[in-house]
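A short write-up of the structure that comes next.
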Amino acid sequence: MKMPPLPEEKPAVKRSRWLPPENARSFFSPAADFEFKQAHPVGYFFLVLLGVAVFIAPMAGYGFYCTRRFGDGEANIWFILGLLGSMSVGVGLFNIVGIIIKQYLGHLVTLVSIVLGFALMALGVYLY
């Protein structure tokens, strides 16, 4: 049986998963994931590796694709535009990894960063 909340505690308000939570600003402090790190030290290490991998993978893939398709030509502004787009995709994927430690910034942040990132990458490849 579930215990009723204590009088000084407010019951949790169900918020939309589309918008960032009220405490989203605290996610960017060094102590934000301290509890998860204490409870799962090995898992936290692998979670950090996964986060770095999903953040870097779109940039590496875009760079590899452009060097294979366009050769070793000099970088121009359109390549950099696509690189910024791939970084945006990485932010969206990293946000999905953040679900594990309950630091998800919402569907809107994920969707906008991934869609905008792919659009910038496509524009960068098209205009290169």
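Basis for what follows: all heavy atoms, side chains included, without hydrogens, waters or symmetry-related copies.
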First locate atom CZ of Phe79, then atom OG1 of Thr67, and finally report the distance between them rounded to the nearest 0.5 Å. 7.5 Å
Could you pull out the closest heavy-atom pair between Ala32 and Ser26, with the gap in Å? CB-O, 3.3 Å
Value rounded to 0.5 Å, distance of CG in Leu127 from CH2 in Trp78: 5.0 Å
Please enumerate all residues that pass side chain to side chain donor-acceptor pair (under 3.5 Å) together with His107, with sequence neighbours excluded. Tyr104
Same hydrophobic cluster for Phe27 and Val97, using side-chain heavy-atom links shorter than 4.5 Å among ILVMFWY? no
For Asn95 versus Gly106, what's the shortest heavy-atom pair and its separation? ND2-O, 3.5 Å
So if you build clusters from Ile, Leu, Val, Met, Phe, Trp, Tyr with side-chain heavy-atom gaps below 4.5 Å, do Leu19 and Ile96 land together? no
Can you measure from CG (Leu105) to CZ (Phe28) and round to the nearest 0.5 angstrom? 5.0 Å
Linked hydrophobic residues, Phe34 as query - side chain contacts closer than 4.5 Å: none
Please check if atom CZ in Phe118 has more than 12 non-hydrogen atoms from other residues, nucleotides or ligands closer than 6.0 Å. no
Under 3.5 Å, which donor-acceptor pairs link side chains of residues 44-65 to any protein atom two or more places apart or in another chain?
residue, atom, partner, partner atom, Å
Tyr44, OH, Asp33, OD2, 2.6
Tyr65, OH, Arg69, NH1, 3.3

Nearest-0.5 Å distance that lies between atom NZ in Lys37 and atom CD1 in Ile101: 11.0 Å
Rounded to the nearest 0.5 Å, what separation is found between the CE atom of Met87 and the CG atom of Leu120? 11.0 Å
Looking at CE of Met121 and OG of Ser88, how far apart are the two atoms once the value is rounded to the nearest 0.5 Å? 10.0 Å
